[in-house]
Amino acid sequence: MATGKKQPMVAFKGIMKRFGKVVAVEKMDFEIEEGSLVTLLGPSGCGKTTLLRMVAGLEEPTEGDIFIKGKRINDTPIHKRNLGMIFQNYALFPHKTIFDNVAFGLKYRDVSSADIREKVKRALEMVRLPGVENRMPSQLSGGQQQRIAMARAIVIEPDVLLMDEPLSALDENLREEMRREVDNLQRLLGVTTIFVTHDQREALSMSDKILVMKAGRKQQEGNPESVYNEPSNHFVADFLGHSNFITGEVVDVSNGHVNVRIETGDVLFAENKGGFSKGDPVEMIVRAQRFDAFPREEFEPVEGMNHFEGRIKDRSYMGGEVSYFIELGADREIHIISMMRTRLYEIGEAVSVQVSPHHCHLIHME
Amino acid sequence: MATGKKQPMVAFKGIMKRFGKVVAVEKMDFEIEEGSLVTLLGPSGCGKTTLLRMVAGLEEPTEGDIFIKGKRINDTPIHKRNLGMIFQNYALFPHKTIFDNVAFGLKYRDVSSADIREKVKRALEMVRLPGVENRMPSQLSGGQQQRIAMARAIVIEPDVLLMDEPLSALDENLREEMRREVDNLQRLLGVTTIFVTHDQREALSMSDKILVMKAGRKQQEGNPESVYNEPSNHFVADFLGHSNFITGEVVDVSNGHVNVRIETGDVLFAENKGGFSKGDPVEMIVRAQRFDAFPREEFEPVEGMNHFEGRIKDRSYMGGEVSYFIELGADREIHIISMMRTRLYEIGEAVSVQVSPHHCHLIHME
Amino acid sequence: MKQVSIGWSLIRIYTFLVYLFLFAPIVVVIVLAFNPKQFGIFPMEGVSLRWFIKLAQNESIIQAFQNSLVLGSLTAVISTGIGILAALAFIRFEFPGKNTLNTLLLSPIMIPEVVLGVALLLFLRFLQQPKSFALLLIGHVVLTLPYVLLIVQARLVGIKKEYEEAAKSLGANAFQTFREVTFPLLLPAILAGALFSFTISFDDITATLFWATAQNQTVPVKIFSMLRNSISPEINALGAVMIVLTVATPLLAGYLSRKFSKIKE
Amino acid sequence: MKNDKWKPWALLAPSMSAVFLLLVIPVCFIVVYSFWLRAPSGADIPAFQFGNYAKFFEDFFYPKILIRTIRISFETVILCVVMGYVPAYFFYRSESRYKKIFLLLIMLPFWVSFIIRTMSWINIMGDSGLINHFLIKIGLIASPISMLYNEFTVLMGLIMYLLPFMVLNIYVSLEGIDKSLLEAARCMGCTEWQAFREVTLPLSLPGVSAGCLLVFVLTAGTYLPPMILGGPGNGMIANLIFKRVIGTLDWPFGSAISVILLSLLFVIVWTYNRYLGINQIFKSLQGS
Amino acid sequence: LGLSGLPFGNTVRDAWAAKSIRFDGWGGSVSEAFRKHAFKPFTKATGIDVIDGEFGDMNSYLTRVKASYPPGGEFNIAYLSAVFDYARYVDLGFSTVLDESKIPNLKNVMPSMIKPLRDITKGTLSAVPYDLGQTGIAYNTKHVSKEKAEKLGAALLWDKDLKGKLGSWEGDFRTNMWYAALYTGQSPNNMTDLAAIWAALREQRGLMKKYWASGAELMSLLANEEIYATVAWSGRVASLQQEGHPIGYLSPKGTYSWMEYQFVLKGTDLAVAQQLLNFMLEPNVAIAVAEGQNYPPSLDPSKVKLTEKIKKMPAFDPTGKLDGYLFAKPAYWNAHQVEWTEKWDRIKAGS
Ligand SMILES: Nc1ncnc2c1ncn2[C@@H]1O[C@H](COP(=O)(O)OP(=O)(O)OP(=O)(O)O)[C@@H](O)[C@H]1O
Ligand SMILES: Nc1ncnc2c1ncn2[C@@H]1O[C@H](COP(=O)(O)OP(=O)(O)OP(=O)(O)O)[C@@H](O)[C@H]1O
Ligand SMILES: NCCCCN
Ligand SMILES: [Mg+2]
Ligand SMILES: [Mg+2]
């Protein structure tokens, strides 16, 4: 505050959680800006839920402190923290009407019953389900139930909205739709939100900031583009999107570019964003979508681009896109995904593959 | 046969199945070529499983006949049909070793025990799990169990392999891997396969032929490209991939092209594949991946292409791709998915969108 | 798969015979309750309500009925009450020795009632304490607790923790959460458990024989002592009344709880 | 939040105290009492001696009752399996709309007084009971044949009491069998019978064995059926305890026999739990 | 928790004690006689409830008494049979000292019945004698002729022709040994050849249909013709005869006789107990009960005029001296009771 920096809405300071011998969350510092939507992303068991539940007060940190609005809340009991929580399976009270569900939190908040009615009505309108007050949760579809869960959480005007894989029980199409809605609603209300998911698409498309975790440790934090395009390590690159990993050695460094000799003997160019020097063993990460494939005979190499020759080894038609596995020889294979505009390549066909150095991201060998 | 046409491996003639009042499968005719992999695709409850189970003999058709190798099998008891079936939850016998599981079908087939051992070994090698004979199913991972289920089904050299959503219990990454493996194995063995799924990617990437169903009725049959690119109706187009539907009226028909006036007043061109004539109300289907978006000021229209002007209304970053919703004015919006090579468009930015008439598929208004 | 095979028919016949075996004694009791004869069983010589009338006039049996009802009801209430608490502890908390304690609470199922009966008798004698209704009641609570615990635990496992967590995150404290969420969701199991313990208590003979004081004899104990004088139409009549009572209660309760839970789910 | 370690203990306090007061301590007490002496008048004298145990094993009379108890328990277990498997299988496979009612009916005996059901066998098998009456009526026999008060009738009573437990245990484990396993077996070439033998039967064994344990333990501890339906030579160990405690006032000896019975059951349950796990039993009781 | 139950238990008991007294007897037709002729009128006259319980044999009742605490807190008056039990109850410390002045009707009771009790309790009384009875032999006259019965005497109970149709009392080793003694020609109060007694009982076991557990069961077995001959309590046989069943009664030489008395247990409200006992000894009450249960009363025929019906009952002694009666000697039988109970149990169970 002295530095004029805006006070974060939620802050973790050296937070750590151990269950018996399992360390679910390893010492972690992390801040969440007011009004932003932050996603905790990582494989199953990496500690996302645990972190979220510590904010909610459903788990107690083994070490470290949690702050909300600058106030340490470690010892505040759950029901006194003003939080909205949304669960994967909605957790609507099956024995209460929608009205009673949504009004539940207000009952404990000194709100007159007229106001309660008014607020519930507004919340239901906000989630675009006006008029369902008298139904039971079981009379609503999955997506509708999820919306009611939203309404129930936001109606209390929480300081922070916590969502643990709220969309993963929905089927693909509905999930995409709900993703947009949650996103819109969050922006509309400007409520600080922590969102847990292991679905990278969800994380990439919704977040202001993504925290990638692995085995209880922070791997990378940043906005979606930076996390996707500049993964800080192999794990992050592998976890997000379809990546090709090409190992090699830096053979030359010159004005913002690095030349890397890869296993096949080819030398590839990459932008130098990380301060690499000659002789460094590196890993080059290229997203499958960043390659372009051309029929061998039609291919004309472009100056300053990287290219390979190869043969289609396997392909998989996906409608909008086609996924190819291209054999480069010497046991190396790359995976490319291309939007299909013209014809499909046949298995065995000779192709040339090209990728811009701009899309070749280097990391130090781990 | 007289026509020289190859006899189909499996044929349904007017097959129909009713459960009480529910018609699960409506009168259906369908043929499956020997050695091909056919996918039954459709939303939940559309009758895929029922159709499959009728082939297996686990349900009895209410009406109609099923033929395998030209022989009517309606009255052949299950255990006399020579079929391999693979279940969603693997259905490995939990009390038997892997060996006994795989050998199970052979025991009822007059195979000497030496041959059994040999065949089981070969089958396990084929699914790339040699040497697990003495383990119990519970000692294997989900993916491995699925492979054992495959081995158990193929070891009896079935006439037809039936798979009911065999991959849906696996998590995304594993599913993709197994999809490739099943595909390879099926091609290697050349066994006629019926594969049930509601995952369009699975269907598109694996099948020789797809049968799209809805509410017990056949919607379309054909190879993946034709089903994806030339959907025969709105349902099929909507169910597979991300589609834009633009309604309009044919205003001109000329040498292989159709001019369609759409609601915004623009006139678009499409190839004439369906025999449309002037005045026909039509629906134009364009896949989200087929559009190209350009910054308005940089856009130069290309002769013979369709183009619109619009504004970015919403965008969703997905790493490899970006999904944009573009407002065309007058409440119309189109959804485009583009591979992100340059910068992202900002919300509100004016863009021009272009699509080739080749990718504009027309169907008659329903 | 058609079920018209001979095998299936045999299975049906077999099942029917097993039912016959299980139900013959019950049916016979009810039929013979109307037997006018004093001695001998069959043949029946007409139909009479004589023994029911005799029962209705037998004060000690009516007293026993009252005792049984009071005992059964109190057992059901207490057993369910403390069973819910114990189930909450086992399902919602982690603590050392949990499995052992759970087994301990379930162990009355496995320990012969004769032994329990004797044990308590000796213990009381040692303490120089009189038997009392309260003791009989606690004894029945211990006997029925395992069943309540099993039923309530099973249901509680099915009630996702998230409901309670949602309530707490919305501002309800522990008690409010229980009252508003856990309890109503648990209700079907609570009813089932209460019913179970009522019938077990109402029907218990072995341990009750040891524990009951002279003043609070229950119906089964009464029947037991009547049986020492051999079978009689009066016992059959009493049995018939018991059957109707104990069968009608759960059926009614089952019907009601199904109606309840239909609203719930 | 800070420290809720005490909460489960508070919740457990009432039930634990009830169980401690009426089960744990009294059972310990039986052990203590089993070392006491007994005066001819019937008074009990605190002591520490093994005379009561020695008396049990001093000749073959008491061990024989113990052995008989184990034998009858085994017979009951086997008969319950034989009689219970088929109905359980029937429920499992039946697609009838009345399946639920059938199941409810098998539960019904649970609700009908055990003592009434037991004594009613006298109505059926007594000299002037249903069966004799019927046989005389059709002229098959002239005077009633004695059917009561032997081991056979004791077994009938025991089976009638315990069969529902067995059926439920088996049914629950049958219901737990994934039907697709059967379908898989059928597709691979099994007839229905082969599929039953290869898949259903082995997979239902956990339920069968759980039922067996429950039936065994309950049988070994009952005394009503032998008392009401048995002759003097059909008594089981629980009858012996009852007689020693109630009939002959020999409480120390009764305690010693109780300890012996408890030890026997403990060994059986412990062994079972060790190799098979006890949870299956509770599963089926929950279902009911 | 258990302790919290105590006050409740006490309150309940106190509440009962205030206006009720508990009586435990032999059940069946005997109980009915007491209820009808003694208790109902007593309650009507005094407002004090009599709770009547029943038992089938002496030991199980004693166990219940022994298990109750304090003794008599639960049980008050026991309708005991035979003097040896008086001795046992006294030994176990359950006796009281009755204030005989509060039971003026005691003067009508035969002195020969009071004396054995006084001998045990050193001059005081913890019980009042109430009636006399016998355990004789009952037989079905349709299947066993009177001549045959008289001729065989005790041996009727060992008659091979009656295999599967014989009965005996399960709950008492004395009755069974008594008749085995008569059968083997020994004196019941001084059996010298026990091996012969056991052998006889073993032999008898093979002929037995059922060992009955209570008087009511005895009656039902006879009436249903499930058994044709059995040891039997004289009163019960008389009741059957009055109902018209074809049952004969045989009292062979050395028939087992006993006297019954109302024992007041320690801890009982003596005032109430004495009031009830006195009421029960009221000649008209005692006579009515006697006629109901078919056992002759303890009233001295020389002081009170008894009815014809009573005079015809087995075990009735017009002299009131009981000279020719053979009772079980308390000291003899009680000294061996543990041993013989055990033995009898084993024989019954087939050893
Ligand atoms: N109550 C608990 N007791 C013991 N270990 C636990 C508990 N809760 C979580 N863990 C362990 O802590 C680790 C982190 O679990 P957590 O649930 O936070 O993972 P997650 O990232 O949410 O995973 P998922 O994507 O599967 O939900 C795991 O190893 C888990 O096994
Ligand atoms: N045994 C049955 N009894 C009654 N109705 C049934 C039965 N099996 C299927 N149905 C009904 O038949 C219709 C088709 O079911 P089916 O299982 O074939 O669908 P599906 O396409 O496999 O769906 P999913 O993708 O959910 O597996 C559904 O409406 C279903 O409810
Ligand atoms: N009234 C029955 C007495 C039996 C005595 N032995
Ligand atoms: Mg989680
Ligand atoms: Mg299906």
Side-chain angles (χ1 to χ4, degrees), chain C residues 11-12 14-15 18-19 21-22 24-26 28-29 32 40-43 82-83 85-86 88-89 93 95 101 104-106 108 110-116 118-120 122-123 126 138-139 141-142 145 147 150-151 154 199 203 205-206 220 223-224 227 231 235-236 239 242-243 246-247 250, chain D residues 5 7-8 11-12 14-16 18-19 21-23 25-27 29-30 33 83 86-87 89-90 105 108-117 119-124 126 128-130 133 160 163 193 217 220-221 223-224 228 238 241-242 245 251 254-255 258 261-262 265 269 282 285-286:
Chain C
I11 288 173
R12 283 164 77 156
Y14 196 110
T15 305
V18 170
Y19 269 96
F21 171 74
L22 285 176
I26 298 175
V28 165
V29 165
L32 287 177
I41 305 169
F42 284 100
I82 70 177
L85 297 183
L88 280 173
F93 291 91
F95 53 92
L101 292 184
L104 179 66
L105 289 193
L106 297 177
M110 296 287 186
I111 299 182
E113 271 183 47
V114 186
V115 175
L116 282 182
V118 171
L120 193 62
L122 302 186
F123 182 50
F126 173 78
I138 307 172
V141 168
V142 170
L145 192 59
Y147 298 93
L150 285 170
I151 294 169
T199 1
D203 184 34
I205 162 86
T206 311
I223 294 176
F224 182 76
L227 258 186
I231 192 100
I235 301 182
N236 282 328
M242 281 270 280
I243 291 170
T246 48
V247 170
Chain D
K5 287 216 167 65
K7 280 188 190 163
L11 291 171
L12 281 176
S15 41
M16 292 312 287
V19 167
L21 191 79
L22 275 95
L23 185 109
I25 301 178
V27 166
F29 216 80
I30 281 202
Y33 228 94
M83 289 180 67
V86 172
Y89 186 76
F90 172 80
L105 279 179
L108 195 76
F110 276 130
W111 305 111
V112 175
S113 174
F114 171 38
I115 190 168
I116 290 172
R117 285 184 293 141
M119 65 101 192
S120 188
W121 282 105
I122 303 176
N123 287 328
I124 295 176
S128 62
L130 188 61
H133 172 64
M160 182 203 58
L163 189 57
W193 165 244
V217 168
Y223 73 92
L224 273 186
I228 296 175
I241 295 173
F242 188 83
V245 171
W251 292 2
S255 301
S258 300
L261 172 60
L262 268 187
L265 294 183
V269 172
F282 297 138
L285 288 171
Q286 277 163 2

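Just so we're on the same page: letters track the sequence lines, and every chain starts at 1. Computation of the quantities below employed the complete heavy-atom set of this structure, encompassing side-chain atoms and omitting hydrogens, waters and symmetry-equivalent molecules.
For a residue to count as touching a neighbouring chain, one of its non-hydrogen atoms must lie under 4.5 Å from one of that chain's; by this rule F114(D) touches chain C with backbone and side chain alike. Both the backbone and the side chain of V115(C) come within contact range of chain D, judged by heavy atoms closer than 4.5 Å. Within the 4.5 angstrom heavy-atom criterion, atoms from both the backbone and the side chain of F123(C) approach chain D. Contacts between L105(D) and chain C at a heavy-atom distance below 4.5 Å involve backbone atoms as well as side-chain atoms. Proximity to chain D involves both the backbone and the side chain of I11(C), based on heavy atoms less than 4.5 angstrom apart. Both the backbone and the side chain of L122(C) come within less than 4.5 Å of a heavy atom of chain D.
A heavy-atom distance below 4.5 Å is not found between the side chains of L265(D) and M110(C). Taking 4.5 Å as the limit, every side-chain heavy atom of L85(C) sits out of range of all side-chain heavy atoms of S15(D). Residues V29(C) and R117(D) have side chains not in contact (no heavy-atom distance under 4.5 Å, counting atoms from C-beta outward). Within the 4.5 Å cutoff, side-chain heavy atoms of L12(D) are placed close to those of L105(C). Contact annotation: the side chain of V247(C) approaches that of V112(D) to within less than 4.5 Å [non-hydrogen atoms, C-beta and beyond]. Residues K5(D) and F95(C) have side chains not in contact (no heavy-atom distance under 4.5 Å, counting atoms from C-beta outward). Side chains of I116(D) and P220(C) form no contact here, defined as non-hydrogen atoms less than 4.5 Å apart. The closest side-chain heavy-atom distance from L11(D) to F93(C) is below 4.5 Å.
Residue Y14(C) places its OH atom among more than 12 non-hydrogen atoms of other residues, nucleotides or ligands, all under 6.0 Å distant.
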Quiz item: Can you check side-chain contact (heavy atoms from CB on, under 4.5 Å) on L88(C) and K7(D), steps first, answer last?
Solution: CA-CA 10 Å; L88(C) 280 173; K7(D) 280 188 190 163; over 6 Å; no
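By number of non-hydrogen pairs under 4.5 angstrom with chain D, the leading residue of P43(C), A24(C), G83(C) is P43(C). With chain C as the partner, the residue from I25(D), L262(D), L130(D) showing the most heavy-atom pairs under 4.5 Å is L130(D). No other option in A119(C), G239(C), P108(C), P112(C) has as many heavy-atom pairs under 4.5 Å with chain D as A119(C). No other option in V86(D), I30(D), V19(D) has as many heavy-atom pairs under 4.5 Å with chain C as V86(D). Each of Y89(D), W121(D), F242(D) has some count of heavy-atom pairs under 4.5 Å with chain C, and the biggest count is that of W121(D). Contact tally against chain C (heavy-atom pairs below 4.5 Å) for V217(D), I241(D), I115(D): the top residue is I115(D). Ranking A238(D), P87(D), G221(D) against chain C, the residue ahead of the rest is P87(D), based on heavy-atom pairs under 4.5 Å.
Between F224(C) and Y223(D), the ring planes are perpendicular. Angles over 60° get that label, and only those under 30° would be called parallel.
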